[in-house]
Number of protein chains: 2
Amino acid sequence: MKITSRFTVAVHTLLVIYTFGKEQKVTSDFIAASVRVNPVVIRRTLSSLKAAGMIDVKAGSGGASIVKDLKDITLYDVYTAVDAGSDEQGGLFHFHENPNPACPVGKNIHTVLDGHLADAQRAMERELEKVTLYDLTQDLKKFTKFVF
Amino acid sequence: MKITSRFTVAVHTLLVIYTFGKEQKVTSDFIAASVRVNPVVIRRTLSSLKAAGMIDVKAGSGGASIVKDLKDITLYDVYTAVDAGSDEQGGLFHFHENPNPACPVGKNIHTVLDGHLADAQRAMERELEKVTLYDLTQDLKKFTKFVF
DNA sequence: TATCGCTGTAATTAAAAAGATTACAACAAA
DNA sequence: TTTGTTGTAATCTTTTTAATTACAGCGATA
């Protein structure tokens with residue numbers, strides 16, 4: 001599973017909902033205008049975030065709102081919410097698929113490598129777990145407080 | 001930079017050279033038969049590993065050999081040798097490219113996220129630094145000693 | 001209850017990225 | 001000088017991702 005832009009789009013989306021949600025109805029078109037992607041991409045993102053219990057989306061009347069404490073949403077949570085299943089076996093690394101089983105190296109390459117690759121991926125994920133969406137809103141404030 | 005199979009192919013390649021190098025000439029065709037990819041893919045891999053000072057490749061007569069102590073080659077070294085520059089800006093994460101600068105979120109999303117993404121990538125890379133190719137050969141022996 | 005704006009989602013197209021493959025010049029040894 | 005191999009460019013194929021089109025369904029509201 002290579003890490004696609006779905007992840008950064010989702011983080012961006014949550015921050016837009018947080019930033020504007022109290023003042024106005026935040027629609028997929030509105031978010032799309034900030035992220036600059038097609039609104040359908042945002043709707044799919046909203047769908048994933050909703051399934052993960054992070055937001056509520058009003059069908060019909062429109063508008064998304066955050067329903068989970070941002071202190072309880074980590075970057076890792078967002079990452080799994082939108083990127084889970086984007087690749088069948090969940091690996092960050094692409095493994096060449098058909099090593100020759102008749103060769104002692106080809107036969108065992110998976111066995112000797114897979115664990116280390118999983119460790120590396122877990123290390124990355126643990127780092128994402130350290131950062132909450134709340135942290136990001138605080139950082140955002142630093143940069144926007146002079147603008148408003 | 002998503003992590004392509006170049007990385008696992010390169011590790012596989014080094015292990016094949018190590019395993020068979022003393023007994024026979026290890027050509028790109030031979031390695032390709034173990035990895036099961038096109039020989040040209042192996043030649044490109046060999047080219048990168050050679051540029052990184054890990055192996056020597058004999059043009060003309062053919063054959064690759066390891067010239068650096070495997071204890072001094074980490075998975076991270078292999079990773080950078082073959083995957084460096086596979087993506088322009090070196091990021092593991094794909095960032096959506098044109099956030100709207102007129103929006104306070106779009107304007108600052110990079111600033112608040114980039115550091116955390118870089119941290120996550122570094123955590124992954126540090127984990128790869130912990131494993132040497134020598135370690136892998138020892139693991140391989142465990143699985144092959146009953147075969148030979 | 002008819003309308004309007006918006007969501008949900010399927011289907012299709014386009015674009016990008018990665019490998020595979022073809023081709024062939026250069027090279028080294030026998 | 002023949003043979004087997006490397007180095008590398010060029011081209012296709014495949015896969016993946018994102019963009020786009022299309023439209024049914026929903027909910028507020030007039």
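First the proteins, then the strands, lettered A, B, ... as listed; each starts at 1. All values derive from a computational prediction rather than experimental measurement.
At a threshold of 4.5 Å between side-chain heavy atoms, the hydrophobic network of Ile, Leu, Val, Met, Phe, Trp and Tyr places L15(A) and V67(A) in two separate groups.
The stretch residues 26-36 of chain B has no heavy atom under 4.0 angstrom from DNA chain C at all. Against DNA chain D, the stretch residues 38-51 of chain B makes heavy-atom approaches under 4.0 Å through V40(B), R43(B), R44(B), S47(B), K50(B).
Between G60(B) and K58(A), the residue anchored nearer the 5' end of DNA chain D, judged by the nucleotide with its closest heavy atom, is G60(B).
S5(B) has no side-chain polar atom (N or O) that falls below the 4.0 Å cut-off from OP1 or OP2 of dA18(C).
In this entry the distance linking NE2 of H94(A) with C1' of dG19(C) reads 12 Å, nearest Å. If you take CD1 of I3(B) and P of dA17(C), they are 17 Å apart, rounded to a whole angstrom. Protein atom NE2 of H96(B) is 14 Å distant from nucleotide atom C1' of dA18(D), rounded to whole Å. Protein atom CG of D56(B) is 14 Å distant from nucleotide atom C1' of dT5(D), rounded to whole Å. One atom, CD of E97(A), and another, P of dT14(D), lie 15 Å apart when rounded to the nearest Å.
A donor-acceptor pair under 3.5 Å is formed between the side chain of K25(B) and the backbone N or O of S61(B). For the pair T8(A) (side chain) and S5(A) (backbone), a donor-acceptor distance under 3.5 Å is present. In this structure, the side chain of D114(B) does not engage the main chain of T111(B) through any donor-acceptor pair within 3.5 Å. At distances below 3.5 Å, at least one donor-acceptor pair connects side-chain atoms of R6(B) with backbone N or O atoms of V82(B). A side-chain donor-acceptor contact under 3.5 Å links D135(A) to the backbone of T132(A).
The neighbour count for F95(B) CZ, taken as heavy atoms of other residues, nucleotides or ligands under 6.0 Å away, is above 12. Annotation: K58(B), atom NZ; neighbour count of heavy atoms from other residues, nucleotides and ligands within 6.0 Å does not exceed 12.
Closest to the side chain of T4(A), out of dT6(D), dA19(D), dA18(D), is dA18(D).
No side-chain heavy atom of F7(A) sits under 4.5 Å from any side-chain heavy atom of H94(B).
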